[in-house]
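Heavy atoms only: backbone and side chains are in, while hydrogens, waters and symmetry mates are out. Here is the naming used below: chain letters follow the sequence lines, and residue numbers restart at 1 for every chain.
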There are 2 protein chains.
Amino acid sequence: MEQRIERIKKQLHSQSYKLTPQREATVRVLLEHEEDHLSAENVYMLVKEKSPEIGLATVYRTLELLSELKVVDKINFGDGVSRYDLRQEGAAHFHHHLVCIECGSVDEIQEDLLEDVEKVVEKEWNFYIKDHRLTFHGICYRCRDKKEE
Amino acid sequence: MEQRIERIKKQLHSQSYKLTPQREATVRVLLEHEEDHLSAENVYMLVKEKSPEIGLATVYRTLELLSELKVVDKINFGDGVSRYDLRQEGAAHFHHHLVCIECGSVDEIQEDLLEDVEKVVEKEWNFYIKDHRLTFHGICYRCRDKKEE
DNA sequence: GTGTCAAACGAGAATTATTATAAAATTATT
DNA sequence: AATAATTTTATAATAATTCTCGTTTGACAC
């Protein structure tokens, strides 16, 4: 945890940004909820518990900044809210998501899976891929189990 | 064109919805701009040209309805606006997109490409896939050509 | 055709997420 | 400690979308 914060601090400094207490508090919340897909509002409320003086705009700016630095990914599942997801350190590519249309849960797939597809796209469409977003909508294992009962 | 409208009309009727003049005008705009990825505002302005009395809320309501019926897909490229895309008739799956980070163009890939990936996901994650969204971000062939000049 | 009733519409208000603004506070540096 | 630049706070502004509600329309029975 401390090491990751330290590395993020260095990353900020290398572009002459500061790791202010507000930014650190925000990063800590993201690290503590790595599994989740928090909205800006979610992050705001969680940060407020530890640092009640923080403003919503600061959280937005911090998330925007972290997004630019590729520390987090800003994603959108079509529910009108942006969600922010910590990138795995050293991950070349963005991970995928499984959104359950029954219970609304969002699971992550860290494996790449798209290598072959990307080769085809690069070749057939002459498109130089920098990043990708892949989301599956369907029914998760939990809801499937429930139905069998 | 007329046949597709006729089929959409039947689809609406089968769920006891009406194809009102406003709805028909909206569908016509979508058919005429099948290549594009129009926002609700875009659609509204185009429909207004032919049917100036139409209201913005009606366009939103119609797009929402068509989205429920799977006639259009509501997509979100992360620019804060929802876009609406006609589904290919009979297409089992939603098509993919290539978003160029230089010129902002959006191209479509109609081929499935994900069959193998989906098999893996269904099996390994025990997830029953109903639909998917796949978007690549990168540099399109037009911008690549430009750079070589 | 006319009456009826639910569905759909239009106009504008309301809501929600996000961004901009400006004054005050903080930070690193001298 | 003073300075200058960055960052924060609080609030206002904006933009996309949805809601409300009084009015209109369309489909069907008579």
Side-chain angles (χ1 to χ4, degrees), chain A residues 8-29 37-48 50-69 71-85, chain B residues 5 8-29 37-69 71-85:
Chain A
I8 290 169
K9 183 174 180 176
K10 281 197 184 115
Q11 218 179 328
L12 284 163
H13 281 162
S14 76
Q15 319 241 356
S16 56
Y17 293 115
K18 299 164 191 168
L19 183 64
T20 63
Q22 292 89 338
R23 285 176 184 168
E24 184 173 333
T26 305
V27 170
R28 274 178 197 281
V29 163
H37 301 82
L38 302 173
S39 67
E41 191 74 31
N42 292 156
V43 175
Y44 174 57
M45 292 198 297
L46 288 165
V47 178
K48 270 223 139 182
K50 300 268 177 89
S51 317
E53 5 44 73
I54 203 170
L56 177 57
T58 300
V59 171
Y60 269 102
R61 272 186 307 246
T62 302
L63 291 171
E64 189 60 36
L65 178 62
L66 293 173
S67 189
E68 271 168 38
L69 295 177
V71 172
V72 304
D73 281 300
K74 188 174 176 178
I75 43 177
N76 206 305
F77 293 125
D79 59 353
V81 207
S82 291
R83 294 176 183 281
Y84 299 85
D85 216 353
Chain B
I5 290 182
I8 290 169
K9 184 173 180 178
K10 282 199 184 115
Q11 217 179 330
L12 284 164
H13 281 161
S14 76
Q15 319 241 355
S16 55
Y17 291 116
K18 302 165 191 168
L19 184 63
T20 63
Q22 291 91 338
R23 285 176 185 169
E24 185 172 332
T26 306
V27 170
R28 275 180 196 280
V29 163
H37 302 83
L38 303 172
S39 67
E41 192 74 31
N42 293 157
V43 175
Y44 174 58
M45 292 196 300
L46 288 166
V47 177
K48 270 223 140 182
E49 290 175 10
K50 301 269 177 89
S51 315
E53 7 41 74
I54 202 169
L56 177 58
T58 300
V59 171
Y60 269 103
R61 276 183 300 236
T62 301
L63 291 171
E64 190 58 37
L65 179 60
L66 294 173
S67 188
E68 270 168 40
L69 294 177
V71 172
V72 304
D73 281 300
K74 189 174 176 179
I75 42 177
N76 205 305
F77 293 124
D79 59 352
V81 207
S82 291
R83 295 175 183 282
Y84 298 85
D85 217 354

Can A:Lys48 and A:Glu53 be counted as an ion pair, charged N to O under 4.0 angstrom?
no
Of all the heavy-atom pairs spanning B:Ala25 and B:Val47, show the shortest one and how long it is.
CB-CG1, 4.0 Å
For A:Thr58 and A:Arg61, which I'm curious about, is there any donor-acceptor pair between the side chains at under 3.5 Å?
yes
Smallest heavy-atom separation, A:Gly55 atom then A:Tyr44 atom, equals C-CE1, 3.6 Å
Suppose we define a pair by two distances each less than 3.5 Å, Watson-Crick or G-U wobble; what does C:dT30 pair with here?
D:dA1
Would you say B:Phe77 has more than 12 foreign heavy atoms packed within less than 6.0 Å of its CZ?
yes
Taking all heavy atoms of B:Lys18 and all of B:Arg23, pick out the closest pair and write down the distance.
O-NH1, 2.7 Å
Base versus backbone protein contacts along nucleotides 5-26 of chain D [heavy-atom cut-off under 4.0 Å; B, S, -]:
-SSBB------SBBBB-----S
Full working for side-chain contact (heavy atoms from CB on, under 4.5 Å) between B:Leu65 and B:Leu12
CA-CA 9 Å; B:Leu65 179 60; B:Leu12 284 164; 3.8 Å; yes
If every non-hydrogen atom of B:Val72 is compared with every non-hydrogen atom of B:Leu63, which pair is closest and at what distance?
CG2-O, 3.9 Å
Nucleotide range of DNA chain C lying under 4.0 Å from chain A heavy atoms
C:dA17 to C:dT27
